[in-house]
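Accompanying notes for the structure given below.
As the structure lists them, so they are numbered: ligands from 1, and atoms in each ligand from 1. Heavy-atom basis, side chains included; hydrogens, waters and symmetry copies ignored. Please read all numbers here as calculations on a predicted model, not as lab measurements.
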Amino acid sequence: MLIHKSIATLRAARAQAGRVAFVPTMGNLHDGHLALMRAARKHPNINTVIASIFVNRLQFGQSEDFDKYPRTFEADREKLSAAGVHHLFIPPETEMYPQPQHYHVTPDPEFASILEGASRPGHFRGVATVVLKLFNIVQPNVALFGKKDYQQLIVLKNMVRELALPVEIVGQDIVRAADGLALSSRNGYLSASERAEAPRLYRQLTAVAEAVRHGERDFTRPCSAALAELERYGWKVDYLVVRRRDDLKAPRELGESLVVLAAARLGTARLIDNVEI
Ligand code: PAF
């Protein structure tokens with residue numbers, strides 16, 4: 001695996017790379033990321049897999065964990081190399097943002113201000129801006145993202161569609177621990193007792209999904225029950241809702257494809273998860 005710290009060397013490598021699958025990350029890699037790397041390798045008609053590691057200041061709020069976000073480069077490098085990634089782009093901040101970034105991608109505010117956007121103002125503007133910049137640098141044919149960040153995936157699909165970017169966005173299923181907890185770099189913030197409690201979020205989302213699959217049309221009923229159960233065990237729930245998969249708006253008609261999504265705090269960790277119905 002070749003490592004590139006500058007845009008110039010990455011571009012030179014990309015020019016020889018044929019059809020490229022790209023997996024952008026912020027590092028601190030777990031099996032969910034590695035599943036994305038494997039899917040990138042297996043994607044039809046791909047010659048080269050490029051991954052990036054860049055902890056993107058623009059997508060963190062003032063009171064969020066940018067400074068303490070785990071940076072684990074050596075371990076990440078070994079995992080990516082073992083996963084068969086061909087090129088790793090790991091730019092310093094001075095390479096990605098040599099001056100303050102004055103130009104930004106502002107996603108549809110109606111969409112970017114709900115759910116994660118309501119809890120994390122400006123987050124999706126930061127994500128869309130860095131991903132567009134990475135796409136301009138890497139020029140991938142395909143880019144893969146995990147479905148755990150469901151709203152992020154839709155923001156990026158919309159960006160690609162509206163800006164006519166020549167890249168296919170692929171969403172990959174969530175990878176879970178044996179007890180159901182969705183793998184996340186932020187799980188490292190959980191204490192041992194919180195880690196034992198954490199799978200309750202997935203169990204409650206599954207219960208809501210089951211109720212809806214069995215015909216419940218008043219979605220507030222199972223969502224309120226799940227929320228109450230989580231609060232009983234000390235969780236602080238930001239949202240727990242059933243939404244349409246395509247645009248995350250409230251369902252209107254029978255037969256729409258749905259997803260139940262939640263974000264909740266357990267101690268200092270803020271966990272997000274979702275289950276497609
Ligand atoms: O999902 C992430 O890890 C980040 O939001 C991404 C897409 C790499 C942009 O910084």
**Report entry** Contact check: Gln152 vs ligand 1, nitrogen or oxygen atoms, below 3.5 angstrom
**Finding:** yes
I want to check a possible cation-pi pair here: [X] against [Y], using under 6.0 Å from ring centre and within 45° of the ring axis as the test.
| X | Y | value |
| --- | --- | --- |
| Lys133 | Phe54 | no |
| Arg176 | Tyr202 | yes |
| Arg71 | Phe66 | yes |

Query - Side-chain ion pair, Lys249 and Glu110, N-O less than 4.0 Å - result: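 Here Lys249 pairs with Glu110 in a salt bridge, since their nearest N and O are under 4.0 Å apart.
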Query - Subset of ligand 1 atoms that lie under 4.0 Å from at least one heavy atom of Val130 - result: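 Result: 9 (C), 10 (O).
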Report summary line: Residue, atom and distance of the protein heavy atom nearest atom 10 (O) of ligand 1 read Gln59 OE1, 2.6 Å
